[in-house]
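Small disclaimer: the values here were computed from a predicted structure and weren't measured.
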Amino acid sequence: MGKRKTQRKNATMLDSDDDNSSVSSSSTMHSDRMSVSGTEEVELNKDSLLDEAVDNLYEKRGSTREKALASIIEAFNSNLQHEFVEKKFATLLHRCLNSLKKGSSKEISLASRTVGLLALTIGPGDKAREILEESITPVSQAFKSGYESSKIASLLECLAIITFVGGIEPEETEKSMQIMWQLVHPKLGSNVITVKASAVVITAVVSAWSFLLTTMDRWSLSPKLWLESITYLSSLLDKDDRSVRIAAGEALEVIFEMGSLENFATEAEGSNNGSVSEGNKSKEGLLHIQGLRAKILNQVRDLSVEAGGKGSAKKDLNYQRSLFKDVLEFLQDGYCPETSMKIGGESLQTSTWSQLIQLNFLRRFLGGGFTKHMQENEFLQDVFGFTPKRNLVGGEHVSNNLKRMYKSPNSVINKARTQHLNKQRMLSEGKKIGHFAVNVGDEDS
């Protein structure tokens, strides 16, 4: 596929200095005279505050637990809490799952976010897989405990993140996507109570679903179910809510990039070798697919030049136009937009729809912690092929803290090194004097 450079609202170039200062932890914002012991005191204080927050998750008062979860989220956003997670992983996970089962809507939202941050901090492996296995049932049940939009949106983000990090087999990802899909497209049955989903929930479902779709090499659903998904997404392009239309457009981007409609058409044509009735059915299927593609093309074209009216915010309207212009160009000419954003002096670039969807989703989830995670989270760096710019001391990459420890003339390390060099010099001079005295003695003898 071709690629085209484009300016996108969701890939704004970031000012590296502003970003670095906005996400730096308190320990990295002290003066250059801060000593190693001072750093250790700050870190110990942070650990004790996190320990206290985890302890407060056992409290009976819901507001206390909510406050504790908010503190944990802030800490996980400002720094990667690897050492803390190593010590408290199981406790934190199970207390959050308890909040999902018994907490208020606000507590469920906070616990969902905490579980997602826990998975991103740990990265792929046994613990991330454990998070997914332990969480998927409580998350699924929490969807049914109430229909507050903010709570549902937080649960969807959590499910998407823990599946993205901890899912190994395609079946695991498919299971999570089906759970999401049921919220807006339930299978009707005697035990199913359908509730009309709000625009916020529809947007959250489609965004989380398409985020996980980007991880699938080959979608295992049948062509029939694929067609149901595409038909539903096409219907969303006609909705009044702009956020719904944008989410549906982004999902269709990924589907088109995977070539799904074209694959259906090929299957329909290839199956036209059986009986006359089967041939007629496949012909009808092919015509339906071609008609659906033409319909979506017209919808995309209209949305790319929309004058307004559906929705209100001007920036959303501009983003919608930009998005659907890119979709239209991809459908007509096969060009993918290339985007770039600055993080700490280095460029993070995308060249496919899937990468762009992943980037936007993770930016929304991490919020102010996104830059910090991209600079220090090796998992996210691997996802986007991003190598952060770091300060060099002695030919090795070091953090700002270590740079201060080495560079500051008043630092403990510099003072210790000076004392060590002075001692070595004195010892060296002493050896020379002693050796000279022996030689003199030998000559006298």
Side-chain angles (χ1 to χ4, degrees), residues 1-25 28 76-82 113 116-117 119-124 128 157 160-161 163-165 207-208 210-216 246-247 249-251 253-254 257 315 318-319 322-323 325-327 329-330 335-392 396-400 403:
M1 285 295 179
K3 296 175 183 177
R4 177 176 65 84
K5 291 187 178 180
T6 186
Q7 297 261 340
R8 292 288 296 273
K9 288 289 181 183
N10 59 334
T12 305
M13 297 294 286
L14 300 178
D15 182 89
S16 58
D17 292 333
D18 289 344
D19 283 328
N20 287 338
S21 62
S22 66
V23 298
S24 295
S25 67
T28 61
F76 273 63
N77 263 338
S78 62
N79 271 303
L80 267 72
Q81 305 292 338
H82 290 301
R113 186 166 180 78
L117 287 168
L120 284 176
T121 300
I122 289 172
E157 286 184 340
I161 293 292
T163 305
F164 184 74
V165 182
S207 295
S210 57
F211 173 68
L212 290 183
L213 180 60
T214 64
T215 68
M216 302 294 282
I246 288 173
E250 291 176 340
E253 288 175 350
V254 181
E257 187 172 63
K315 68 174 183 177
N318 291 337
Y319 174 70
S322 174
L323 168 69
K325 281 178 183 177
D326 287 340
V327 176
E329 188 163 350
F330 179 77
Y335 287 113
C336 294
E338 290 184 339
T339 64
S340 178
M341 63 185 297
K342 285 287 186 181
I343 297 179
E346 292 293 331
S347 294
L348 190 163
Q349 299 176 333
T350 69
S351 58
T352 67
W353 288 118
S354 293
Q355 289 175 334
L356 189 55
I357 296 299
Q358 290 176 3
L359 177 62
N360 286 338
F361 191 89
L362 289 164
R363 283 182 69 191
R364 287 193 296 268
F365 179 77
L366 289 169
F370 175 75
T371 300
K372 186 70 173 179
H373 272 262
M374 284 308 309
Q375 289 175 323
E376 298 184 9
N377 190 317
E378 293 182 1
F379 167 60
L380 293 184
Q381 290 167 9
D382 289 341
V383 168
F384 295 107
F386 176 73
T387 303
K389 185 176 182 179
R390 294 186 176 94
N391 297 309
L392 289 173
E396 295 183 357
H397 292 301
V398 296
S399 66
N400 287 333
K403 183 181 178 183

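Aromatic ring pairs are classed by plane angle as parallel below 30°, tilted from 30° to 60° and perpendicular above 60°; the pair F211 and F164 is tilted.
The minimum heavy-atom distance linking A128 with G123 is given by the pair CB-O, 3.2 Å. Among all heavy-atom pairs drawn from V327 and G249, the shortest one is CG2-O, 4.4 Å. Pairing each heavy atom of A247 with each of S207, the nearest pair is CB-OG, 3.9 Å. Taking each heavy atom of S347 and K342 in turn, the nearest pair found is OG-NZ, 3.3 Å.
Here the straight-line distance linking atom CD of E250 with atom CD1 of I357 works out to 4.0 Å at 0.5 Å rounding. Interatomic distance, L117 CG to Q81 CD, rounded to the nearest 0.5 Å: 10.5 Å. Considering CD1 of I343 and CZ of F386, their distance stands at 4.5 Å, rounded to 0.5 Å. To the nearest 0.5 angstrom, T214 atom OG1 is 3.5 Å from Q358 atom CD. The CD atom of E157 sits 9.5 Å away from the CG atom of L366 when rounded to the nearest 0.5 Å. T352 OG1 to E257 CD: the interatomic distance, rounded to the nearest 0.5 Å, is 5.0 Å.
Within the 4.5 Å cutoff, side-chain heavy atoms of F370 are placed close to those of L359. Between V383 and F379, the closest side-chain pair of non-hydrogen atoms falls below 4.5 Å. You'll find the side chain of P388 reaches within 4.5 Å of the side chain of Q381, heavy atoms only. Using a 4.5 Å heavy-atom threshold, the side chains of H82 and T121 count as touching. Between K372 and S78, every side-chain heavy-atom pair lies at or beyond the 4.5 Å cut-off. You'll find the side chain of E253 reaches within 4.5 Å of the side chain of L323, heavy atoms only. Contact annotation: the side chain of Q349 never approaches that of M341 to less than 4.5 Å [non-hydrogen atoms, C-beta and beyond]. Side-chain atoms of R113 and N77, non-hydrogen and from C-beta on, do get closer than 4.5 Å to each other.
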TODO: Check the pair L362, I161 against side-chain contact (heavy atoms from CB on, under 4.5 Å), reporting the backbone distance first and the verdict last.
DONE: CA-CA 8 Å; L362 289 164; I161 293 292; 3.7 Å; yes

- [ ] Take D326 and W353 through the test side-chain contact (heavy atoms from CB on, under 4.5 Å) and record every step on the way to the result.
- [x] CA-CA 10 Å; D326 287 340; W353 288 118; 3.4 Å; yes

TODO: I would like to know whether S322 and N318 meet side-chain contact (heavy atoms from CB on, under 4.5 Å); could you show each step before the answer?
DONE: CA-CA 6 Å; S322 174; N318 291 337; over 6 Å; no

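Side chain of E329 to backbone of K325: no donor-acceptor contact under 3.5 angstrom is found.
The side chain to side chain contact (heavy atoms under 4.5 Å, CB included) test with S354 singles out one residue from L213, V254, T215, and that residue is V254.
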